[in-house]
2 protein chains.
Amino acid sequence: MTASDILDHHQVKKTTPRVALIQAMQEARVPLSENEIKERMGELYDRATFYRSVQTLSSAGIIHRIVADNVMVKYALNNCENGHHHQVDHAHFFCRQCHHLYCLKSIKVQTLDLPSGFVDEEHDLVIRGICDQCNSQLK
Amino acid sequence: MTASDILDHHQVKKTTPRVALIQAMQEARVPLSENEIKERMGELYDRATFYRSVQTLSSAGIIHRIVADNVMVKYALNNCENGHHHQVDHAHFFCRQCHHLYCLKSIKVQTLDLPSGFVDEEHDLVIRGICDQCNSQLK
DNA sequence: ATTCATTTGAAACATTGTTTCATTTGATTG
DNA sequence: CAATCAAATGAAACAATGTTTCAAATGAAT
């Protein structure tokens, strides 16, 4: 599905920066940091617009944010199958060496039985450490 | 156990700012943000020293950081029982309304079977949303 | 083509965290 | 108890991330 189609489908206004943002994420196929997105967007990138787009596209259920770390946030496209009320269902692994963020699809987030009155709007299971690639390079 | 005892016990040099930091956290009994700690420490607070203390005390296993949000980190004393190689074993709930961070001791983090080569140094299960108190006030 | 609400981009601002370096402090030793 | 010296502190400059304001541009609809 093209970036343009995605915006249409979610009834979000089609603008140049939004299309460029989605395309950057589609081409990467892994979660990207703001800086990585900036590099891919070139002169189409603007800081304020980027943060506003993130807001809009998150609310629309097109993308989601992953807080890898207090100083490292990554952004990824949603799987279309997940539909509108999107909750990420798998864990993420953030390598403190190479700063790569892995989607660990094999680790599903457990069912969360919250105390009554608490509403889960979003949740993250983030594991931080050293990834396999960096580990083998250290040896 | 006094702040002074804790530092002795973990063989960390006893300094005025470190003692004040630990005392602030002991009195609060809930995880605090930097700003809340700053208020409690008064003139004993200094930004650079605070961040260095957080580093030192975390490495020593005296405190731990909880990344509630990309722009909200909370700090809490470790339970002494948990010993040295401390991994937080429960979920946290962060209310986007009141910014309170709840330790949900009833929700234990599942066992994490990482792919081989990946090392879990720390992990967080953070749930974000609206807490019971804020929910009842909204009605 | 015209309209008009929405979005954009630039700049100023706020907050969080790090680094540098001269000064101070707190354990240790005599 | 005084001297020592590595370790820690505090102040300031810096870097990165995120927000707000407002005039100008744009895209969807008629």
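Both backbone and side-chain heavy atoms feed into the values below; hydrogens, waters and symmetry mates do not. Sequence lines set the chain letters: A, B, ... in the order given, protein chains first and strands last, and positions in each chain run from 1.
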Check for me whether the distance between the ring centres of F94(B) and Y102(B) falls short of 6.0 Å. no
How close or far is atom P of dT7(C) from atom OH of Y45(A), stated in whole angstroms? 19 Å
Tell me: CE of M72(B) to P of dT16(C), nearest whole Å? 7 Å
Per nearest nucleotide of DNA chain D, the residue lying toward the 5' end, V12(B) or R47(B), is V12(B)
Look at the aromatic rings of F50(B) and Y45(B) and report parallel, tilted or perpendicular, splitting at 30° and 60°. tilted
Below 4.5 Å, heavy atoms only, C-beta onward: do L7(A) and L57(A) meet side chain to side chain? yes
How many whole angstroms separate atom CG of L7(A) from atom C1' of dA28(D)? 14 Å
Regarding the side chain of A48(A), the nearest nucleotide among dT8(C), dA11(C), dG10(D) is dA11(C)
Determine whether any donor atom in the side chain of R52(B) lies under 3.5 Å from an acceptor atom in the base of dG10(D), or the reverse, and answer yes or no. yes
For the pair made of CG in L21(A) and P in dT8(C), what is the distance, rounded to whole Å? 10 Å
Salt-bridge test for E34(B) and R47(B): reply yes if a basic N is under 4.0 Å from a carboxylate O, no otherwise. yes
Check R65(A) with D124(A), please: is the shortest side-chain N to carboxylate O separation under 4.0 Å? no
Steps toward side-chain contact (heavy atoms from CB on, under 4.5 Å) verdict (V109(A), V88(A)): CA-CA 8 Å; V109(A) 176; V88(A) 175; over 6 Å; no
With respect to the phosphate group of dT7(C), does any side-chain polar atom (N or O) of R18(A) fall under 4.0 Å of OP1 or OP2? yes
Take atom CD of Q11(B) and atom P of dA8(D), then tell me their distance rounded to the nearest Å. 14 Å
Tell me the interatomic distance from E36(A), atom CD, to dA16(D), atom C1', rounded to whole angstroms. 15 Å
In whole Å, I'd like the distance from the CZ atom of F50(A) to the P atom of dT19(D). 11 Å
Report yes if a side-chain nitrogen or oxygen of Y51(B) is closer than 4.0 Å to either non-bridging phosphate oxygen (OP1 or OP2) of dT18(C); otherwise report no. no
So, is N70(B) close to the dG18(D) phosphate, meaning a side-chain N or O under 4.0 Å from OP1 or OP2? yes
Start at the 5' end of DNA chain D and walk down; is the nucleotide closest to V71(B) or to D46(B) reached first? D46(B)
Distance, rounded to the nearest Å, where D69(B) contributes CG and dG17(C) contributes C1': 16 Å
Between E121(A) and R128(B), does any NZ, NE, NH1 or NH2 come within less than 4.0 Å of an OD or OE carboxylate oxygen? no
In the 5'-to-3' direction, what one-character label does each nucleotide of nucleotides 25-30 of chain C receive under the scheme B = base within less than 4.0 Å of a protein heavy atom, S = sugar-phosphate only, - = no such atom? -SS---
